[in-house]
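Got a structure for you, written out below as structure tokens; questions coming shortly.
Since this is a predicted model, take the numbers as computed values, not measurements. Because only heavy atoms are used, hydrogens play no part in the values below, and waters and symmetry mates are left out as well, while side chains stay in. Numbers restart at 1 for each chain; the letters A, B, ... are given by sequence-line order, proteins then strands.
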Protein chains: 2
Amino acid sequence: MSVGRQPSMADVALAAGVSAQTVSRALRGSPNVNPETRQRVLAAVDQLGYRFNNAAKMLSSGRSHTIGLIVLQSGGYYSRSAVTAGVEAGAGEAGYAVSIATIARLDTGLMERALAKLADQGVDGIVIAVPLISVTQKMEDITRDIPTVTVDGSRTAGARVLGIDQRAAGRVATQHLLDLGHRQVWHVAGPDEWIEARQRREGWRECLTAAGIEAPPVLEGDWSPASGYRQGQILAMIPEVTAVFAASDEMAFGIIRALRERGRSVPGHVSIVSVDDIELAAYCAPPLTTVRQDFYACGTAAVALLLQGAGEPAVEPPVLAVRESTAQPSVTDR
Amino acid sequence: MSVGRQPSMADVALAAGVSAQTVSRALRGSPNVNPETRQRVLAAVDQLGYRFNNAAKMLSSGRSHTIGLIVLQSGGYYSRSAVTAGVEAGAGEAGYAVSIATIARLDTGLMERALAKLADQGVDGIVIAVPLISVTQKMEDITRDIPTVTVDGSRTAGARVLGIDQRAAGRVATQHLLDLGHRQVWHVAGPDEWIEARQRREGWRECLTAAGIEAPPVLEGDWSPASGYRQGQILAMIPEVTAVFAASDEMAFGIIRALRERGRSVPGHVSIVSVDDIELAAYCAPPLTTVRQDFYACGTAAVALLLQGAGEPAVEPPVLAVRESTAQPSVTDR
DNA sequence: CGAGCCTATGTTACCGATGCCATCTGTAAC
DNA sequence: GTTACAGATGGCATCGGTAACATAGGCTCG
């Protein structure tokens, strides 16, 4: 009605003929409220278009019903953005708002600032969805005060870590190539600062070692197709390369392009397997054999862990989607 | 020191030997504070690890320094996620936090709930980054109270709309195919509820009309490669198809796959152009001719518009990246 | 029938900052 | 030597809720 300002609880109380406190109780579903009174309150709320003031609620209750999420700005890293969606969904379901802090790149200073920003906002908890490697004192200070869950990152004081077993993904991918008959599997890894990259690499190495194969030197990209292309150019020069495990689908496509440009067909000469199973993986040429992991579930699990403090939830095992980028080595190569 | 609770302004004031009011002034950079006093205050802040309470600030000042962002949950739609990144960057630069509300799909009810949720949080402004088509009374109520910018959506009361000229993208793409000598251009559009989809389709139609060509029936996908694949299967059955304009890169790859499976090569038999220029566009086979638009800038512009209320900022024109998915029609087709 | 207790509601203090006004000091102006 | 005024600071009310305690009525039970 009046254009003055948003109606407050006092206004509602007046309209309903009760005290503000009763309004508060009625709205929060306190058991000790007469159903009829509650009806009156709700009617008044509806009529006035009352909307409770989160700041005030937060100030007096000390809780904001908001969780902070730290993500990387660049949208390119598939698994992380899936985690983000999961976090949003999980938080939304629990009635929590999500406040995001993006950092432009992996950098300790930016990370500190993002944490501080969220802390300033009074978030009730923080999900760190970037691979935190080094932990500073400042970070410790914040994560000691605010419950924090790190998705695949280093442990900080009081912060829990939710891990997806990226090693398993590396093993599954590598084993698939070995099973096809390849004698050696090369690897184009992600940046070393990324836990995912490291663990996938470790899984690859473990698998080779278990098969009695000495791992070849690791090539490193930055997740982008462009970096895959560059590493692919190198791989194309090495005649004995018949199988490659790429740490991400996007890099895999870059590698494939470079190989083909140099006359090495995929999967004819070289088989490629990667990780992520992005939507395009099945539709580009050739359709990519890739390992799928449920990062979305990982996001919801992170929120659950944060809010309920439940124990480490079960994580789905990685699943290999076999498509056309992998094949048995050609006879001459065997 | 004490584990009790976060230090408050009063604690800082005590430590610095001044009043809480002076602390407030010092921290906010009020001009009327003795530099020496300010030093003392800052020292105390530093020593106590003081962190201001956003809720309290918000309650008393009435402003939250937070802007709300409404996005679609599904990460697949390239242009929207680029907008998101832009919004985050722009807001961060202006010292604003970003609170996100995701909606699972385009649905009026979900949209209302998302708006209400952000309003409850007391955001200072809202950026709607989903294509809002129908506007309800409830939405009007909220956007009348809170400054809102819609990125490519319908206008609501008091909400400004920031548009990217998607028509231009459609025209540029279509014209490119005509310039190559194609006599007809087919179109696989995005879902009709999406403004982008509609505008791109209009641009395509305008361009054909200007060239005196009657537009063929429109095929419709849902942005996903899978939907592109399905429409591609249909296109493959129509012999006279030599040129296709796809509304997104992902659909384009699906179309290409379907065409090739049916023996129609790209660009040999059919040329394909699309919109987005995702990273993979240049690295998949064939590299995709596509129209790039600066959605990131669109996001930062939305924030600028929201905060400064500046006039409609200039939008970069779309740029065509010509790659290998388009070519002149083969002689027999001409 | 009064003690004890439970239910429904009202009262009051407070969360932590800011806005407004009051105060105090020094200094320039008349 | 007042007056005027600006700069620096403090006091107090206030934002809109919630926690803690107080109160009033109705019920059970010995």
Report task. Let me know the distance between CZ of A:F52 and C1' of D:dT18, rounded to the nearest Å. Result ->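 It works out to 13 Å between those atoms.
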Query raised in the report: Do the side-chain N or O atoms of B:S19 get closer than 4.0 angstrom to the phosphate oxygens (OP1, OP2) of D:dG10?
Result: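 Affirmative; the distance criterion is met.
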**Report entry** Least distance between heavy atoms, B:L110 atom then B:A104 atom
**Finding:**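 Nearest pair, atom of B:L110 first, then B:A104: CD1-N, 4.2 Å.
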Query raised in the report: Which comes earlier along DNA chain D counting from the 5' end, the contact point of B:T37 or that of B:A56, where each point is its nearest nucleotide?
Result: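 Final value for this comparison: B:T37.
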Requested in this report: Please determine if a side-chain N or O atom of B:S24 lies less than 4.0 Å away from the OP1 or OP2 oxygen of C:dT18.
Outcome: yes
Requested in this report: Let me see the working for B:S8 and B:N53 under side-chain contact (heavy atoms from CB on, under 4.5 Å), right down to the final yes or no.
Outcome: CA-CA 8 Å; B:S8 81; B:N53 181 317; over 6 Å; no
Query raised in the report: Taking atom C1' of C:dT7 as reference, at what distance in whole Å does atom CG of A:N34 sit?
Result: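 Between C1' of C:dT7 and CG of A:N34: 10 Å.
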**Report entry** Spacing between A:N54 atom CG and C:dA17 atom C1', to the nearest angstrom
**Finding:**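 My rounded result for the distance is 16 Å.
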Query raised in the report: When we call it a touch if two heavy atoms are under 4.0 Å apart, what does A:R25 touch: a base, just sugar-phosphate, or nothing?
Result: base
Query raised in the report: Rounded to whole angstrom units, what separation is found between the CZ atom of B:R38 and the P atom of D:dT9?
Result: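 After rounding, the gap between these two atoms is 9 Å.
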Query - Close side-chain approach of A:D107 and A:I103, heavy atoms under 4.5 Å - result: no
Query raised in the report: Can you tell which of D:dG16, C:dT18, D:dG10 lies closest to the side chain of B:R28?
Result: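 Given the options D:dG16, C:dT18, D:dG10, the side chain of B:R28 is closest to C:dT18.
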Query raised in the report: Between D:dT14 atom C1' and A:N53 atom CG, what is the distance in whole Å?
Result: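 Interatomic distance, CG of A:N53 to C1' of D:dT14: 13 Å.
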Requested in this report: Provide, to the nearest angstrom, the distance between the CG atom belonging to B:D11 and the C1' atom belonging to C:dG16.
Outcome: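 Spelled out: CG on B:D11 to C1' on C:dG16 is 10 Å.
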Query raised in the report: Of all heavy-atom pairs between A:V33 and A:A26, which one has the smallest distance, and what is that distance?
Result: CG2-N, 4.1 Å
Query raised in the report: B:N32 near the nucleic acid: base, sugar-phosphate alone, or nothing, with a heavy-atom cut-off under 4.0 Å?
Result: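 The residue B:N32 makes base contact.
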**Report entry** Presence of donor-acceptor pair under 3.5 Å, side chain of A:Q21 and base of D:dG17
**Finding:** no
Query raised in the report: Rounded to the nearest Å, what distance is computed from the CE atom of residue A:M9 to the P atom of nucleotide C:dC15?
Result: 19 Å
Query raised in the report: Got B:Q121 and A:H65 here, is their nearest side-chain heavy-atom distance under 4.5 Å?
Result: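 No, side chains not in contact.
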Query - Phosphate-side-chain proximity, A:T22 and C:dT9, N/O vs OP1/OP2 below 4.0 Å - result: no
Requested in this report: In whole angstrom, give the distance that lies between atom CD of B:Q121 and atom P of D:dG16.
Outcome: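 About 18 Å, once rounded to whole Å.
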